[in-house]
Asks: 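One structure follows; several queries about it will come next.
Remember, it's a predicted structure, so these values are computed and weren't measured experimentally.
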Amino acid sequence: PSMQDLDQREKKNNSKSSAPGKPLEKNEREVNVASNDYYDGLASHYHLFQRDWDGMVSQERAAFKQAFEGKNVKRVLDASCGSGEQSIALAGLGLQVQSCDPSAGLVERCAENADKYGFSKQLTAKQSDFLNLPKDVEGPFDAIVTKGSSLPHLHTDSDLLQALKNFHSLLRPGGVVNIGVRDYDYFIKQKQEIYPRQVKVGEHVNEHIIFDVWDWHKGSEGQQCVHFNTFHINGDGPSYITNKHVTTFRALFRHEMEALLKEAGFENIKVDKVNNWLWENVYTANRPE
């Protein structure tokens, strides 16, 4: 469906109930990971990372439709749902979606967006993290996705391998993964230090300016890592407020990712660019039949 179709579905759903419920499932255990402060701090403005949120959803929906064609995908785990860009795209294909993210703020936003676009019955959002997914969700899934370069929030080979093994265990035989990782092979060559995000004017009258300052460094095992210092500046006229949010990524290179997928038991490993997005490599692979 187009975003216009989703808007019409939203209006129809809202006419049925003045207070529709959100598809949010509470996790009884505490989910505490290092990146939570970063994403919880940005949750209320996270949609501003996309200049056109609805357009992003439409692009992702088309990419998933192509990726899953002929693979009998009906039930999907979005293992890093953020505010729901990919989860809403997947639900728009008529799929059942389990959405997870370590950030309580982003899980709440994902549930709100599912309700807004009329997917409350197709999507369930729950707080969880890569290393504990088998404790929090029940497989098997036909596909598992994680986009937005979320996986490199895990910094060590052992944690990355465990996450991929968790994906493997939660998939049915023949099930597929679809994993987006920032193209660090490109960025390390560019010695990227300042990364522009968005300039958005007119959001509640205020301007929003978002950019990163990258600090490259070596991790505890000699692996390449990078601190993201994300600055969010917003205001109007002469008065602006600046907030800084910091998180760390593993600069996960292509040969490392391919080796980890193979070690975790996946086959038919492929790497593609989707929509010619330079910044992201999309890794696809499947659990053997």
Side-chain angles (χ1 to χ4, degrees), residues 3-4 6-7 10-11 14 22 24 31-60 80-89 99 101-117 125 127 147-150 152-153 180 182-184 186-187 190-217 225-249 251 275 277-280:
M3 294 311 292
Q4 289 181 336
L6 300 186
D7 288 341
E10 175 194 348
K11 292 176 182 177
N14 288 343
K22 299 183 182 68
L24 185 65
V31 179
N32 186 14
V33 300
S35 61
N36 275 1
D37 287 345
Y38 178 85
Y39 288 105
D40 286 343
L42 286 167
S44 61
H45 297 104
Y46 197 68
H47 62 289
L48 296 175
F49 277 54
Q50 307 299 333
R51 186 175 294 276
D52 178 5
W53 200 88
D54 284 355
M56 172 73 167
V57 172
S58 294
Q59 287 183 317
E60 289 283 47
S80 54
C81 64
S83 57
E85 295 95 323
Q86 287 76 36
S87 289
I88 300 302
S99 305
D101 199 283
S103 166
L106 288 180
V107 168
E108 176 70 19
R109 291 300 299 274
C110 181
E112 290 172 354
N113 281 324
D115 188 54
K116 174 183 177 181
Y117 288 108
Q127 195 179 7
K147 301 293 293 295
S149 202
S150 300
H153 275 301
R182 188 173 283 104
D183 188 353
Y184 284 110
Y186 169 80
F187 286 116
Q190 305 302 312
K191 302 295 183 184
Q192 191 87 27
E193 293 183 348
I194 297 180
Y195 187 84
R197 294 279 192 173
Q198 294 295 345
V199 176
K200 197 152 189 170
V201 180
E203 181 80 12
H204 305 302
V205 185
N206 290 349
E207 293 181 348
H208 292 268
I209 303 166
I210 306 171
F211 64 92
D212 293 337
V213 176
W214 290 8
D215 176 21
W216 298 89
H217 65 283
C225 294
V226 56
H227 291 313
F228 274 35
N229 302 277
T230 300
F231 290 85
H232 176 210
I233 304 168
N234 71 293
D236 182 47
S239 300
Y240 287 79
I241 297 172
T242 301
N243 290 290
K244 177 184 175 183
H245 307 273
V246 182
T247 192
T248 303
F249 289 92
N275 297 319
W277 291 336
L278 175 65
W279 74 274
E280 186 180 49

Asks: Does any part of the side chain of Phe187, heavy atoms only, come nearer than 4.5 Å to the side chain of Trp279, both counted from C-beta?
Replies: yes
Asks: Does a side-chain heavy-atom distance below 4.5 Å link Tyr184 with Val226?
Replies: yes
Asks: Minimum heavy-atom separation for Arg182 to Ser149, with atom names?
Replies: N-OG, 2.8 Å
Asks: Would you compute the distance between atom CG of Asn243 and atom OG1 of Thr230 and round it to the nearest 0.5 angstrom?
Replies: 11.5 Å
Asks: With side chains defined as the heavy atoms from C-beta onward, is the minimum distance between His217 and Thr248 less than 4.5 Å?
Replies: yes
Asks: Roughly how far, to the nearest 0.5 Å, is the CD atom of Glu108 from the CG atom of Leu24?
Replies: 5.5 Å
Asks: Counting C-beta onward and ignoring hydrogens, is there a side-chain heavy-atom pair between Trp214 and His227 closer than 4.5 Å?
Replies: no
Asks: Looking only at heavy atoms, which two atoms of Pro196 and Phe211 are closest? And how far apart?
Replies: CA-CB, 4.2 Å
Asks: Considering non-hydrogen atoms only, spot the tightest contact between Asp101 and Cys81 and give its length.
Replies: OD2-N, 3.4 Å
Asks: Is there a side-chain contact between Tyr240 and Glu207, using heavy atoms and a 4.5 Å cut-off?
Replies: yes
Asks: Would you name the heavy atoms of Ala89 and Val57 that are closest together and state the gap between them?
Replies: CB-O, 3.5 Å
Asks: Measure centre to centre between the rings of His232 and His245, then say whether the value is under 6.0 Å.
Replies: no
Asks: Which distance, rounded to the nearest 0.5 Å, do you find between the CZ of Phe231 and the CG of Asp212?
Replies: 9.0 Å
Asks: Report, as yes or no, whether the 6.0 Å neighbourhood of atom CD on Gln192 holds more than 12 heavy atoms from other residues, nucleotides or ligands.
Replies: yes
Asks: How long is the straight-line distance from OH of Tyr195 back to CD of Gln190, given to the nearest 0.5 Å?
Replies: 12.0 Å
Asks: When rounded to the nearest 0.5 angstrom, what is the spacing between CG in Asp54 and CD in Glu85?
Replies: 10.5 Å
Asks: Identify the two heavy atoms, one from Ser99 and one from Ser87, that lie closest to each other, and give their separation to 0.1 Å.
Replies: OG-OG, 2.7 Å
Asks: Determine whether a donor-acceptor pair (N or O, by modelled atom type, separation under 3.5 Å) exists between the side chain of Asn113 and the backbone of Ser83.
Replies: yes
Asks: List the atom of Gly180, the atom of Lys147, and the distance in Å for their closest heavy-atom pair.
Replies: N-CD, 3.7 Å
